[in-house]
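Worksheet: the structure to be examined is printed underneath.
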Amino acid sequence: MATRTGNRWGSPIVYLAALLLIGVMLGPVVYIIVGGFRTNSQITVDPAGWPDPWQIGNYLDVLRSDTFWRQVGNSTIVAVATTAGVVALGVMASFVLAQYTFRGRGAMYALFAAGLMFPATVAITPLYILIKDLGLVNTLPGIILPQIAFGLPTTVIILVPFLRAIPKDIEEATAIDGCSRLGFFWRMVLPLSVPGLITVAILAFIGSWNSYLLPLFVLNNQESFTLPLGVQAFSSQYSVDTAKVLAFTSLSMIPALVFFSLFERRIVGGLTGAVKG
Amino acid sequence: MSYAFIALYAVLTVAFGILPALYALYLAFTDAEGGFAGVGNFTKVVGDFRFMPAVGHVALYLAIWLVALVVLVTLLAIVVHAVAVRWVSSTLRLIFYLPGALAGASSVLLWLFVLDPAAGPIGGLLHLLGFDSFVEVIVPANLPPIFAVIAFWTGAGGWIVIMYGALNNISADVIEAARMDGAGRIQIAWRIQLPLLRKWISYMGIMSLAAGTQLFVEPQLLSQASNAIVPNDYSLNQLAYQYAFQQNDFNGAAAISLLLLAIALALSAVFVLRGGLFEKD
């Protein structure tokens, strides 16, 4: 970056605005998490106050309930399977699109672009009928398979520029050394694309963790609920017990928040890479 | 091998994307017995007394949200980009981006608490504005801005990051040349950065427009949380859901979906034609 003349820190107004915005962005999250440490009477007396004294009872209650852990289990299975599918299929498709020219490649790209725009909700009713015909209603694969399909366009759009950056020379060199295309993919492309793969994996995981619409259609019994459905069911069941609902809600958000913060650099790097594409 | 590698992807896309879309097409033009219905389903849903209000709700929400998104995201990206101290800039990006982790159901549930004057952190402010109960906050007139706030809260950070990346791509020489010619920060932003960002701004606008027409989760959760004070047919997608699961009229639901799809496809055509984003450079 070019050296700037004048004040390195820039205008104070910029920082004031940024501070205000930080409050708006982080405030709600902090409120939910801290609110779970209060009692209902504390919340009623002073909605915006700090816990006094801090109560961990709400969190313990939630952590001791089977319902919560069953939903965590369901959400984890769905998220992990979705992520694995999206990454495996995504890297294969991206590899082909990035490295080879073949008939219909332009059409494939148009399909991905359209796929990004194509919101799952448009065809959700027929999709539901299809899932029902396949006998997958109330099962986790009934969510996992469509989610993999929906997650692929984003994955491909992020991975293609990444894979394109692998020089052609490397493939020629490996070919001279007697390496097949498959061998090249397995031994060179996969190891080189690990950072990109982490980006798409995190995005797929978080997308699946927060997914609400598809589970709402496909899962109708409490046993198979994932967390977003569970949180909603819990909050209507215990609507008077605000503190406990806050605890349940914040516990359900924590995995996504942690993943996101840990891998923020990777996600941002991946998105920026796609921009440069 | 090329085709083999794409085959799995193609199978899933066909099974869960294209096939349901074609099925929707079939359903939309047939009646419950499977006979050809012409445009019967379309006239039925468009003539439904709930249809036009739903269109109005979604359009108003889109107008508020898109304007806020385009103006604020562009402004914030330029501001964050102008911060010369590296760690401040990257911390700001992380914080703006963080709520994106809660996109979907969590963010809506979270905002329901925040907007409750009796339990939320901004209860004082809400009381000042004349809202004394949650029911008063979620009167229909307030819903479009509320949904816009939720959508902005979760979605803006990702776009700020993308815009920031695009700003980084602008050659430093161009900016330096402008500065030599005596351009101030605001002039640089207005005359150089903004025009060079235009492609990304229109990309963001179109993507958000397409996503916004699908409004469902926010009003649906709010409707359930408020014991139907917010109607369960507030948005077009909710109306489609009502048709399918309350009235058992899958044909009507498909007709609504198809109308929404037509809008999404028209927008995506615009995006592909004028964006040129996925061409090889």
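Values below: every heavy atom of this structure, side chains too, minus hydrogens, waters and symmetry copies. Per chain, numbering begins at 1; letters A, B, ... match sequence-line order.
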Would you please say whether a donor-acceptor pair under 3.5 Å links the side chains of [X] and [Y]?
{"X": "B/Q224", "Y": "A/S236", "value": "no"}
{"X": "B/Q247", "Y": "B/Q242", "value": "no"}
{"X": "A/Q232", "Y": "A/Y212", "value": "yes"}

Heavy-atom proximity to chain A below 4.5 Å, by part of [X]:
{"X": "B/I95", "answer": "both"}
{"X": "B/L76", "answer": "side chain"}
{"X": "B/L109", "answer": "side chain"}
{"X": "B/F250", "answer": "side chain"}
{"X": "B/Y243", "answer": "neither"}
{"X": "B/L19", "answer": "side chain"}
{"X": "B/A15", "answer": "backbone"}
{"X": "B/L110", "answer": "both"}

Can you tell which of [options] has the highest number of heavy-atom pairs within less than 4.5 Å of chain A?
{"options": "B/L221, B/L22, B/L92, B/L27", "value": "B/L221"}
{"options": "B/A156, B/A253, B/A101, B/P20", "value": "B/A101"}
{"options": "B/L102, B/V114, B/V79, B/L8", "value": "B/L102"}

CA sep, side-chain torsions, deciding dist, call: A/M92, A/F185, side-chain contact (heavy atoms from CB on, under 4.5 Å): CA-CA 9 Å; A/M92 286 161 69; A/F185 174 73; 4.0 Å; yes
Max heavy-atom pair count under 4.5 Å with chain B, selected residue of A/L134, A/I22, A/V245, A/I148: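 Ranked by heavy-atom pairs under 4.5 Å with chain B, first place is A/I22.
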Greatest number of heavy atom pairs closer than 4.5 Å to chain B - which of A/L26, A/I129, A/V24: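 Heavy-atom pair counts peak at A/I129.
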Is the shortest heavy-atom distance from the side chain of [X] to the side chain of [Y] under 4.5 Å?
{"X": "A/L216", "Y": "B/Y241", "answer": "yes"}
{"X": "B/L112", "Y": "B/D116", "answer": "no"}
{"X": "A/L127", "Y": "A/L214", "answer": "yes"}

Aromatic contact, A/F150 with B/F16 (centres under 6.0 Å):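 Here the rings of B/F16 and A/F150 have centres that are no less than 6.0 Å from each other.
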Ring-ring centroid check A/Y31 B/F113, cutoff 6.0 Å: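 A/Y31 vs B/F113: aromatic centres not under 6.0 Å.
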Engaged part of [X] at the chain B interface, taking heavy atoms whose separation is under 4.5 Å:
{"X": "A/Y128", "value": "side chain"}
{"X": "A/L257", "value": "both"}
{"X": "A/L145", "value": "both"}

Pair A/R38-A/T242, side-chain contact (heavy atoms from CB on, under 4.5 Å): steps then yes or no: CA-CA 10 Å; A/R38 302 198 288 164; A/T242 310; over 6 Å; no
